[in-house]
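Read the structure below first, then the notes.
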Amino acid sequence: MTDTVSFHALVPAAGTGSRMGGDMPKQYLSLLGRPVIAHTLDALLRVPRLASVCVVLSPGDTWWERYAWPDDRRLRVLRSGGATRAASVAQGLAVLAGETSAKDWVLVHDAARACLAPEQVDHMLDELREDPIGGLLAMPLADTLKRADAAGRVDATLPRAGLWQAQTPQMFRIGLLADALRAYPDVTDEAGAIEAAGHAPRLIESGGANFKITYPQDLALAASILASRKEPRE
Ligand code: CTP
Ligand code: MG
């Protein structure tokens, strides 16, 4: 069977970055002299198989137009972000669903995961393109897990066997994901909606470099990861 499906990236970027603090949303904070999200978009645009990269901003975003963005016709911007990440994703999906086939793939990727490597996306496309459900990048848990009691003391040590930390991209068929998010809007990631709909997403092993920039100290780590990748090329 000829496979003519296309792949699209959807980047929710309508958050405020409350855990980061500061006076601008974290996706615009400076990372090696450019906004965080510029690195994220670079990584996605360096994957030739992605037919489009759609960014979902908050309707009140006044930051986007202050910067220069890659001159790539695959890049597009929507200003219809919602109150939650899932709502922002649903808004982007609604637009994509109107322009693509339900069988086409969407890769939802957090704007705040700026250290994604294009090779990881390529690997994911290779692994999942024939999959009936789709899946996500994730990392096996390395540390021992403790549950705290109200006094901040260890109540229990939990078995970590089989536990993974979910990352993004999360890659699903556009039709399947749109239906699942409509039925289960209160999830914290796309895989959660797919699971609630009765399917089992595949886990594609990733590494710690694809972490989500969340707290102020994360910026220095992201800078060192990105800078170390540039060295051999230049
Ligand atoms: N996001 C979004 N719309 C929202 C909330 C979040 O598009 N209403 C996006 C963020 O911009 C980010 C991604 O979802 O790229 C992951 O969310 P998170 O890391 O939690 O970002 P924030 O919600 O901005 O940060 P915080 O939770 O610390 O406020
Ligand atoms: Mg958040």
Side-chain angles (χ1 to χ4, degrees), residues 1-13 37-56 70 72-76 89 92-93 96-97 99-142 162-181 187 189-195 197-212 222 225-226 228-230 232-233:
M1 196 175 74
T2 21
D3 194 357
T4 54
V5 297
S6 56
F7 304 97
H8 302 267
L10 180 59
V11 181
I37 188 177
H39 298 277
T40 313
L41 297 177
D42 269 5
L44 292 167
L45 290 168
R46 277 164 54 199
V47 179
R49 277 185 285 177
L50 290 179
S52 72
V53 176
C54 182
V55 182
V56 183
D72 188 319
R73 57 175 184 77
R74 293 175 298 158
L75 178 62
R76 58 190 296 195
V89 170
L93 265 186
L96 266 185
E99 302 171 349
T100 55
S101 138
K103 287 255 168 67
D104 287 338
W105 292 97
V106 61
L107 286 78
V108 180
H109 182 63
D110 294 327
R113 290 185 196 272
C115 297
L116 175 71
E119 297 75 24
Q120 288 180 291
V121 181
D122 266 322
H123 174 60
M124 177 172 216
L125 297 183
D126 292 339
E127 289 291 315
L128 294 179
R129 55 178 300 150
E130 306 291 347
D131 196 275
I133 309 301
L136 62 151
L137 292 191
M139 203 173 85
L141 218 64
L163 292 185
W164 293 59
Q165 281 179 279
Q167 300 180 343
T168 69
Q170 301 206 354
M171 171 172 164
F172 297 103
R173 307 266 181 187
I174 291 173
L176 181 69
L177 183 58
D179 289 347
L181 279 176
V187 292
D189 68 353
E190 291 64 53
I194 299 288
E195 293 155 42
H199 306 290
R202 230 182 101 196
L203 293 160
I204 307 289
E205 186 162 349
S206 174
N210 186 32
F211 73 104
K212 191 172 70 169
I225 292 170
L226 291 170
S228 75
R229 284 193 197 142
K230 286 200 166 70
R233 284 201 197 105

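Not measured: the values here are computed from a predicted model. Heads up: numbering here begins at 1 and tracks the sequence.
Asp42 meets the salt bridge (Lys or Arg N to Asp or Glu O under 4.0 Å) test with Arg34; sequence neighbours excluded. Here Glu205 pairs with nothing under the salt bridge (Lys or Arg N to Asp or Glu O under 4.0 Å) rule; sequence neighbours left out. Residues satisfying the side-chain contact (heavy atoms from CB on, under 4.5 Å) test with Ala200, not counting sequence neighbours, are none. Every residue meeting the side-chain contact (heavy atoms from CB on, under 4.5 Å) condition with Leu203, not counting sequence neighbours, appears here in chain and number order: Leu136, Ala138, Trp164. With sequence neighbours left out, the side-chain hydrogen bond (donor to acceptor under 3.5 Å, both in side chains) criterion links Asp122 to Arg49. For Ser52, the side-chain hydrogen bond (donor to acceptor under 3.5 Å, both in side chains) partners at least two apart in sequence or on another chain are His8. Evaluation of the salt bridge (Lys or Arg N to Asp or Glu O under 4.0 Å) rule for Glu127 yields Arg202 as partners, not counting sequence neighbours. A search for side-chain contact (heavy atoms from CB on, under 4.5 Å) contacts involving Ala102 returns nothing, not counting sequence neighbours. Judged as a salt bridge (Lys or Arg N to Asp or Glu O under 4.0 Å), and not counting sequence neighbours, the contacts of Asp179 are Arg182. Residues that satisfy the side-chain hydrogen bond (donor to acceptor under 3.5 Å, both in side chains) test with Ser206, not counting sequence neighbours, are Gln120, Gln167. For Gln170, the side-chain hydrogen bond (donor to acceptor under 3.5 Å, both in side chains) partners are Asp189, not counting sequence neighbours.
Side-chain atoms of Leu45 and Leu50, non-hydrogen and from C-beta on, never get closer than 4.5 Å to each other. Considering only heavy atoms from C-beta on, Met171 stays 4.5 Å or farther from Val106 through its side chain. Using a 4.5 Å cut-off on side-chain heavy atoms (C-beta onward), Val56 and Val11 make no contact. Within the 4.5 Å cutoff, the side chain of Val89 has heavy atoms near those of the Leu181 side chain. Counting heavy atoms from C-beta outward, Leu75 and Pro70 have side chains that approach closer than 4.5 Å. Here the side chains of Met139 and Asn210 are not in contact, with every heavy-atom distance at 4.5 Å or above.
The minimum heavy-atom distance between Val108 and Pro12, with the atom names listed, is CG1-CD, 4.0 Å. Here the shortest heavy-atom pairing between Pro169 and Met124 reads O-CE, 3.0 Å. Considering every non-hydrogen atom in both Thr40 and Ala111, the closest pair reads OG1-O, 2.7 Å. For Val121 against Leu116, the heavy-atom pair with the smallest separation is CG2-CD2, 3.5 Å. Shortest non-hydrogen contact noted between Leu128 and Trp105 is O-CZ2, 3.3 Å. Taking every heavy atom of both residues into account, Arg229 and Cys115 meet most closely at NH2-O, 2.8 Å.
The CZ atom of Arg173 sits 11.0 Å away from atom CD1 of Ile194, with the distance rounded to the nearest 0.5 Å. Taken to the nearest 0.5 Å, the CG atom of Leu176 stands 6.0 Å off from the CD1 atom of Ile133.
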Stepwise, does the side-chain contact (heavy atoms from CB on, under 4.5 Å) test hold for Leu10 with His109? CA-CA 6 Å; Leu10 180 59; His109 182 63; over 6 Å; no
Show your working on side-chain contact (heavy atoms from CB on, under 4.5 Å) between Arg129 and Phe7 and close with a plain yes or no. CA-CA 9 Å; Arg129 55 178 300 150; Phe7 304 97; 4.1 Å; yes
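For the salt bridge (charged side-chain N to carboxylate O under 4.0 Å, His left out) condition, the pairs that include at least one residue of residues 99-109, sequence neighbours left out, are Arg76-Glu99.
Asp110 places no side-chain N or O within 3.5 Å of a backbone atom of Ala112 that could act as its donor or acceptor partner.
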